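Just so it is clear, the values below take in all heavy atoms, side chains as well, and ignore hydrogens, waters and symmetry mates. Because the structure is a prediction, the values reported are computed rather than measured.
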2 protein chains.
Amino acid sequence: MTPELSPPRSPVRPGELDRTSPVPLYFQVATRLQELIENGEIGVGARIENEVDLAERLGVSRPTTRRAIQYLVERGMLVRKRGVGTQVVHPKVRRPVELTSLYDDLVAADRKPRTEVLALRVVPAPDTVADALELPRGTEVTWIERLRYAGGEPLALMHNAIPVDLIRLAVHDLADHGLYELLRRAGHVPRNATQVIGARPANAGEARVLQEKRGSSLLTMTRTAWDAGGRPLEYGSHVYRASRYSFEISVSAG
Amino acid sequence: MTPELSPPRSPVRPGELDRTSPVPLYFQVATRLQELIENGEIGVGARIENEVDLAERLGVSRPTTRRAIQYLVERGMLVRKRGVGTQVVHPKVRRPVELTSLYDDLVAADRKPRTEVLALRVVPAPDTVADALELPRGTEVTWIERLRYAGGEPLALMHNAIPVDLIRLAVHDLADHGLYELLRRAGHVPRNATQVIGARPANAGEARVLQEKRGSSLLTMTRTAWDAGGRPLEYGSHVYRASRYSFEISVSAG
DNA sequence: TTCGTCAGTTTGTCATGACAAAGTATTGAC
DNA sequence: GTCAATACTTTGTCATGACAAACTGACGAA
């Protein structure tokens, strides 16, 4: 029943820990373990060394080792069973570590994104937008309209609203970078978001800028994003060409 | 800048802890804190008592208190800042605790779901399905086709494949319960999933059963779900009427 | 006023030690 | 041979103690 009972490997060598570093010990251990797993040096299903031995061999305490392992358990790379041990789980279930934006995704997929900024101005927020951003109705927000290209073809028409006091945006910044990258650089790290994804036929204006036929299917997405403290960062209302794009989403419970 | 600096409340009273219970102390503390937060007895933005005092007052060690708080931090209810304290965050950003299925969602929204089972048989898995479920190509799987109604109207056409050795399914079970509920009841708890969401026009057959016009927009979703150990539980390929349904998704990083 | 310094508060990291609970493997009785 | 009891392994829980790092606010010097 038990998978390959390969002899527990030696995951991390003691010399690799740096006690003078500002990086916490548990994090150094976790990072090294993660590398070994991602490089396949500890195969899927294999058991890692038990906590007690690992701690002793590395010269750290058991709680420190435990915390390192726990860190990887929480992001779904390892599973622990009392009385059995700790095993590496299949890579597919691992949780994404950051909230990504379309631009980041396209860059990562080498699809050569380009952004055309259609509008950038400060306007009073419509009620739905103000409610989403938890601002008093009528508060002014930075309003952005962008056309996103990938591989030379139009892909999405994007509308965003951002609280004015959060960040000063310039057209050339938006042309060269994703919105989330700019927010992060300004110290506002998106951490939670709710998205509503739907579909509808394209109207005439959308069909024109997206080079689709009128009536063809579009994916729609409205999103509100918050930082770790629950502060609303961004409201977005976007349409994507369904013929060229789909959402890939990882969900994990617990 | 700081929100209401209400005096730190007394969140948990010492008498509420039961050291003879098999429920871990840290979990008892966490549960009680969670109740207080959800009941609004500790308001959004309010600071909770600091770790050291709380531990002393409850008669538990600081690590135990810390672990309780950490538990709530990880599910997004609390935020900690070194040198500042621990605050309650806005309810909107809290992470869902379970992977829900369409049926559960409809029940919760009181939209009176009904399910018509169109097919339930064992067939050799197509290659894409076998790959998704990590089975050898050609392995037999349980294949389900269902038509899901809500409020008397057709809503979605659903196709699922499930490893045969996982669960024995009966038509009447599927008619009365969601697939995830049945899986959970059989001891297979879905924990992670990847979904790909897209859109396309309806073909003739889909339009007929869903009572839509041919060519109207449909939402498509393919999903693979795994349990905590990384074992594939289910592959699904579904289409939804875009005019009646949209996906609401919470994403959280870290 | 403005800036830096310093003390105080609070969370973050780490070590050591102990016992409990769950699962596995072995042993022994029948 | 089968089954139950036992020993062993491994993770889970909890306590105590210590110091570090980040933030706040008050104070004082320029």
Atom pairs, protein N/O to nucleotides 20-22 of chain D N/O, distance under 3.5 Å:
unit_1	atom_1	unit_2	atom_2	d
D/dA21	O4'	B/Arg82	NH1	2.6
D/dA21	O3'	B/Arg82	NH1	3.3

Between B/Gln28 and B/Asp18: side-chain donor-acceptor atoms closer than 3.5 Å | no

What does A/Arg67 touch in the nucleic acid at a heavy-atom separation under 4.0 angstrom: a base, only the sugar-phosphate, or nothing?
-> sugar-phosphate

Could you please spell out the steps behind the side chain to side chain contact (heavy atoms under 4.5 Å, CB included) verdict for A/Leu166 and A/Leu233?
-> CA-CA 8 Å; A/Leu166 212 61; A/Leu233 296 183; 3.6 Å; yes

Just checking B/Val52: base, sugar-phosphate only, or nothing, at a heavy-atom cut-off of under 4.0 Å?
-> base

Give the rounded distance in Å between these two atoms: CG of B/Leu54 and C1' of C/dT11.
-> 13 Å

Side-chain donor/acceptor of A/Thr64 to backbone N/O of A/Val60, under 3.5 Å = no

Are B/Tyr26 and D/dT13 close enough that a side-chain N or O sits under 4.0 Å from OP1 or OP2?
-> yes

Between the base of D/dG17 and the side chain of B/Arg62, is there any donor-acceptor pair under 3.5 Å?
-> no

Report yes if a side-chain nitrogen or oxygen of B/Arg80 is closer than 4.0 Å to either non-bridging phosphate oxygen (OP1 or OP2) of C/dG12; otherwise report no.
-> yes

When you match B/Asp53 and A/Arg19 each to their closest nucleotide on DNA chain C, which lands nearer the 5' end?
-> B/Asp53

Given atom CD of B/Glu56 and atom P of D/dA15, what is their separation to the nearest angstrom?
-> 13 Å

Taking atom types as modelled, find out whether A/Arg80 and A/Gln87 have a side-chain donor-acceptor pair closer than 3.5 angstrom.
-> no

Between CG of A/Leu25 and P of D/dA18 the distance, given in whole Å, is 20 Å

With sugar-phosphate meaning primed atoms plus P, OP1 and OP2, does B/Pro24 contact a base, only sugar-phosphate, or nothing at under 4.0 Å between heavy atoms?
-> sugar-phosphate

Measure from CG on B/Leu58 to P on D/dT16 and round the result to the nearest Å.
-> 13 Å

Interatomic distance where CD belongs to B/Gln87 and P belongs to D/dT24 [whole Å] = 11 Å

Would you tell me if any nitrogen or oxygen in the side chain of B/Thr86 comes within less than 4.0 Å of OP1 or OP2 on C/dT11?
-> yes

In whole Å, what is the span from the CG atom of B/Asn50 to the P atom of D/dC23?
-> 17 Å

Determine: side-chain N/O of A/Arg66 to OP1/OP2 of D/dG12, distance under 4.0 Å, yes or no.
-> yes

With no hydrogens and no angle check, do the side chains of B/Gln34 and B/Tyr71 hold a donor and an acceptor under 3.5 Å apart?
-> no

Should A/Trp226 and A/Thr224 be marked as a side chain to side chain contact (heavy atoms under 4.5 Å, CB included) after you check the CA-CA gap, both sets of side-chain angles, and the distance that decides it?
-> CA-CA 7 Å; A/Trp226 294 269; A/Thr224 309; 3.8 Å; yes

State plainly whether the residues B/Glu56 and B/Arg62 are in salt-bridge range, i.e. N to O under 4.0 Å.
-> no

Between CG of B/Leu72 and P of C/dT11 the distance, given in whole Å, is 14 Å

Please determine if a side-chain N or O atom of B/Thr64 lies less than 4.0 Å away from the OP1 or OP2 oxygen of D/dT13.
-> no

Rounded off to whole Å, could you give me the CG-to-P distance for the B/Leu17 and D/dT13 pair?
-> 16 Å

Between A/Lys81 and A/Phe27, which is nearer to the 5' end of DNA chain C once each is assigned its nearest nucleotide?
-> A/Phe27

With rounding to the nearest 0.5 Å, note down the distance linking CZ in A/Arg66 to CG in A/Leu54.
-> 12.5 Å

